Amino acid sequence: MWFPFPLLLVHCSILVISFGVAESSDTLSFNQTLSDGQTLVSSGQVFELGFFSPGTSRNRYLGMWYRNLTPTYVWVANRNDPIVNSTAELALTQDGSLSLRNGSTSYWSVNTTAGASLQLLDDGNLVLKDDSGNYLWQSYDNVTDTLLPGMKLGWSLEKGLVRNMTSWASSTDPSSGQFTFSLDPPESPQLVLRKDGQKLYRWGPWNGVRFSGSNELRANPVFDPMFNSSPLEVYYSYQVVEDSVVSRFLLTWDGLIQYLSWRNSNEWTLMVTLQRDECDTYRKCGPFGSCYSGDTICKCLEGFLPTSPQNWNSVDWTDGCTRKWELDCRNGDGFVKYKDLKLPDNSRLSSNRSLSLEECEMECLNNCSCTAFTRIDIHGNGGDCVLWFEELIDMKNYPDGGDVLYIRMARAELDALADAKRKRLIRRAIGITLSVVCGLLTIGFIVWFILRKMRLKKRAAFERMLCQIPPERNEEDLELPLFDLVTINSATNEFSSENKIGQGGFGKVYKGALSSGKEIAVKRLSLDSGQGIQEFKNEVILIAKLQHRNLVKLLGCCIQGEERMLIYEFMPNKSLDHHLFDKTRSKLLSWDKRFNIIMGIARGLLYLHQDSRLRIIHRDLKPSNILLDSQMNPKISDFGIARIFQGEQTGEITKRVFGTYGYIAPEYALRGHISVKSDVFSFGVLVLEIVSGKKIMGFSQPDNDLNLLGYAWKLWNEGNPLELVDEAIGEPFPLKEVVRCIQVGLLCAQLRAEDRPMMSTVVLMLGNENFEVPQPKEPGFKNESMFIGSDSSSSANNNLHTFNEITITNLDGR
Ligand SMILES: *[C@@H]1O[C@H](CO)[C@@H](O)[C@H](O)[C@H]1NC(C)=O
Ligand SMILES: *[C@@H]1O[C@H](CO)[C@@H](O)[C@H](O)[C@H]1NC(C)=O
Ligand SMILES: *[C@@H]1O[C@H](CO)[C@@H](O)[C@H](O)[C@H]1NC(C)=O
Ligand SMILES: *[C@@H]1O[C@H](CO)[C@@H](O)[C@H](O)[C@H]1NC(C)=O
Ligand SMILES: *[C@@H]1O[C@H](CO)[C@@H](O)[C@H](O)[C@H]1NC(C)=O
Ligand SMILES: *[C@@H]1O[C@H](CO)[C@@H](O)[C@H](O)[C@H]1NC(C)=O
Ligand SMILES: *[C@@H]1O[C@H](CO)[C@@H](O)[C@H](O)[C@H]1NC(C)=O
Ligand SMILES: *[C@@H]1O[C@H](CO)[C@@H](O)[C@H](O)[C@H]1NC(C)=O
C-alpha cells in the first residue's frame, strides 16, 4: 500500500516543467516552488496545503487544513520557526531536497535528496517521493497536535521513528506546547499524556480491545481502533468505518485529548474527551490505592491500609496504602483476584510469550519482586502474560470497563480471606435457623408487652395522685403565661384526633391555633403518664428559663384539675428522625442542611452546658428530640429528664439511669455517672447518624455485630470514613467538612469521658476549618450486643431496665 505503482505512472504522465504550480494541483514537482498565496489541493478536494496565520497572529506558517471546513489546521511544517516580517517559498530543489526558505534563510526542510515530487493525498498525508514513487518522507511521520484516521501514534523501530503528538503552545500559536501524548514504551505500551515531561495521565496497557481504562475508545459502529505490536513497529491507529465521516484526534493546547467529528451541523462536535474525570489523574491515590469516580474518593485495595491514616482522612491520598501483612516470598505468598480495575502503571511483558494463566502466575510467583500479574491479549494471539514489579500505582475503579488483576498477597491475608468466606457460609446457615427462632421470640415479646402495659398503668395511677399537688410557687414560674383549659380546648379543636401529631410515653401532642392565629403544639401529659409531677415541674421551670434559638420555646403551661399541659411553639417540620431515617425525605436533607443541623444542636447544647445561667444536662439527646422549624433549623426539645447542676458541680452518681439505649454514655449506663460529657457522647452518636442517615441501633451489617459507632470506627481506621456518608446526600459535598464532622462525632463518642471534648471545643472544631482536630480513640460502644454481654455484677445493672422502659418519649412534631 505504501508503494502505489499505478500512481507513479499517472504522476510521470503529468510531469510539467514550470516555475509555478498549476491551479489546484495536488503535486509540487521537481524545480517548482509554492509561494505564499498558492496552495496544493488533494485530488478529492479534501485537504489543502499552503501558508496561513492563525488567529490574530501575523506570523506565517506552512500548513495543512480541510479545504471545505472552517479553518482547522491538522499539520504545521515550520511550527517552531515562523516566517516573521517576510515571505518564503516551498521549493523542491535541484538536488531533490525540500525546503521552506527565503534566500539563505531556511524555515523548514526535509533532510533528503533525490526527491522528485511532493504530493498532497486525500487522507491528509503530504508525501515526498523519489523517481520510482517510493516515499522518502511523509507528513504522517511528523505528527503535530492532530491524529487523522490512518495516522500512527507510536514507534517504528525499523526506521528509528517516534511519532508523538505535541500540543500547540496556545490556541493561536502552533509552536510546540507543554503537552505531549505518546505511546510508550515500545514494550507493553500504554498511552501517556505528559506536561513538560511529567506524566499527567495514562491509559493501558492494551488488552485486545482497548487501552485499560479508556472504554470510550473501544470499537463501535463508526470507530475502528487498531493496535499493532510487532518487532518492527508498535503503534495505535484508527479508521472511521464510514468514509464520509470526518473526524480527528486532537491534543488541545491546554492538554485535553479529544475525539472530534464534523457533523452536518457545520461544526466540530466533541465526541469523547479521554480524560474522563478527576480519577484519571496520574497517581491520584498513591500506591495500592484505587480511585472511585463520582465522588472522586480514593480507597485502599482490600488487604491494604492507608500508609498515613491522618493524611488519608484529611483527603490527602498521595501516600497511598501499605499491606496489612508483609509479603514473605518463600513462605506461601499467593494471589488475590481484583476485578473492575484500570490496570496500574509500569507493566512489563513476560519474555515468555505464550503462557497460560497458571503459567503466568508461576512466573510471577517465582520472582520475589513481582507484585501482580494478569493475562491480556496485547498481540492479538490469545493472551500475553503481563507482570508488575514493586508498587502498583494509578489504578481506578472502573465497573463498566475494567480489567482483572491478580495481586500478590501474604499467606496471612489469604488465610483471613478464606476464613471470612467460611464464616459467610456459616452465617447463612445460622440466618435460616435464626428466622425460625425469631418467630418464637415474637410471641414471647407480645406476652412481655402486655405485662409491661399493665405495670405502667399501675404506676400512672400513683403519679396522677401526685399531680393533685400544684407545682411549687416560684417567682420565675409565674412569669410563664398560664393558659386556661378553655383556650386550649378551642385551639386544639377539643383535642380532636385530626389535631393529634404525636404520641409518646408521657402523653399525646396536639397541634393547635390560638385565636390570634399563632400555631402551637400542646403536650398533654396522659393521665397514665410515665412523666410524674417531678418531671413536669422540672420541665416547666427549666424551659421557661432557657432562651436560645436552638432550644424549643415554651410558650406557657396549663394546669387544671388533673390536666397538665405544656404549650410550645409549633415546629412544622416535625423531628429530625422523621426526615433522617426516611428514604424519600432524607433526600431533602442536603449536606448544607445537615451541617447546619449539627452546628445548631452543638450550639444549643453548648448553651445548656455553659452559657445559660444554669448548668443543664439534657440526658436524652436523640433525633426524635431534635425538632425542626420551617427553615429546618434544629431545636432541642424534651427536657423531661434533664438535670440541673449548681455552680461548679459538674457531675454526680445517680441511681436512676434515664436515657435511650444507644445514645447514653457507657459510664452513665453502667455506673450511673452523669456529667456534661454524657451529653457529649449522645451528641457524637447524633452527628454520626446525621452524616450516615443510619440509626445507631438496628444497624445490621452482614458480617459482624457492629453498631453504627463501631462501623464508623472501623471505616475511620481503614481510612474510608467517607463510606459512612448517606447516599441520599447525592450531590457533591465538601469532603473535608464531612470528614471533620465524622472525626468530631467519633471524638465525642469516645469510651472515656475525660477524652471527650467539651461542647465549646466541639463548636470550635466544627466551625473552624483550621482548628486542629485530634485523632479519636476507641468509641464507647461498638457492638449491638454490648449491653447483653456486659458485666452482670455491675451495681447499676438493674437500672438498665428502668431506662429502657421509661425512655419512650417520642413526642413527634410538637
Ligand atoms: C531544473 O532547473 C535547473 C536550473 O534551473 C536545470 O538545469 C534543470 O535541468 C532542471 N531540471 C529539470 C528536471 O527540469
Ligand atoms: C517585525 O516588524 C515589526 C514592525 O515593523 C517589528 O516591531 C518587529 O520587531 C519585527 N520582527 C522581527 C522578528 O523582525
Ligand atoms: C524574501 O523576503 C523579502 C523581505 O524580507 C521579500 O521582499 C522577498 O520577496 C522574499 N522572497 C521570497 C522568494 O519570498
Ligand atoms: C541530513 O542527513 C544526513 C545523512 O542522513 C546527515 O549526515 C546530516 O547531518 C543531516 N543533516 C541535518 C541538517 O540534519
Ligand atoms: C518533525 O517534527 C519534529 C518535531 O515534532 C521536528 O523537530 C522535525 O524537524 C520534523 N521533521 C521534519 C522532517 O519535518
Ligand atoms: C516521544 O515521547 C516519548 C515519551 O515521552 C519520548 O521519550 C520521546 O523522546 C518523544 N519523541 C519525540 C520525537 O518527541
Ligand atoms: C516458557 O514457559 C514454558 C511453560 O511454562 C516453559 O516450559 C519454558 O521453559 C519457558 N521459557 C522461558 C524462556 O522462560
Ligand atoms: C525478577 O524480575 C526483575 C524484573 O524483571 C528482574 O530484574 C530480576 O532479575 C528478576 N529476579 C529473578 C530472581 O528472576
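Everything numeric here is computed off the predicted structure, so don't read it as measured data. Values below: all heavy atoms of this structure, side chains included; hydrogens, waters and symmetry mates excluded. Note that ligands are numbered from 1 as they come in the structure, with each ligand's atoms numbered from 1 the same way.
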Peer 1: Not counting sequence neighbours, which residues clear ring-ring contact (aromatic ring centres under 6.0 Å, His included) with Y338? List them please.
Peer 2: none

Peer 1: Measuring from each atom of ligand 6, which residues have a heavy atom under 4.0 Å away?
Peer 2: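 Only V162, N164, S182, D184, R194 have heavy atoms that fall under 4.0 Å of ligand 6, ordered by chain and number.
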
Peer 1: Using a plain distance cutoff, I'd like to know if R58 has any nitrogen or oxygen under 3.5 Å from a nitrogen or oxygen of ligand 2.
Peer 2: no

Peer 1: Say whether D345 and Q190, considering side chains only, have a donor N or O and an acceptor N or O under 3.5 Å apart.
Peer 2: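 Per modelled atom types, D345 and Q190 side chains form a pair under 3.5 Å.
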
Peer 1: Between C368 and ligand 8, which residue portion shows a heavy-atom distance shorter than 4.0 Å: side chain, backbone, both, or neither?
Peer 2: neither

Peer 1: Can you see whether W268 has R248 sitting over its ring - NZ or CZ less than 6.0 Å from the centre and within 45° of the normal?
Peer 2: yes

Peer 1: Would you mind running through ligand 2 and noting each atom that sits below 4.0 Å from a heavy atom of V84?
Peer 2: 11 (N), 12 (C), 13 (C)

Peer 1: How about C291 and C298: are their SG atoms under 2.5 Å apart?
Peer 2: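 Taking the criterion (SG atoms under 2.5 Å apart), C298 and C291 fail it, so no.
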
Peer 1: Could you label the plane-to-plane angle of the W108 and W75 rings as parallel, tilted or perpendicular, counting under 30° as parallel and over 60° as perpendicular?
Peer 2: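 W108 and W75: perpendicular rings.
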
Peer 1: Of all residues at least two apart in sequence or in a different chain, which pass the ring-ring contact (aromatic ring centres under 6.0 Å, His included) check with F373?
Peer 2: F335, Y406

Peer 1: F211: what forms a ring-ring contact (aromatic ring centres under 6.0 Å, His included) with it, not counting sequence neighbours?
Peer 2: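 With neighbours one apart ignored, the set is W206, F227, Y236.
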
Peer 1: Tell me whether R348 has any N or O atom under 3.5 angstrom from an N or O of ligand 8.
Peer 2: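 Between R348 and ligand 8 (N or O atoms, distance only) the closest approach is under 3.5 Å.
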
Peer 1: List ligand 8 atoms under 4.0 Å from S369, heavy atoms only on the residue side.
Peer 2: 1 (C)

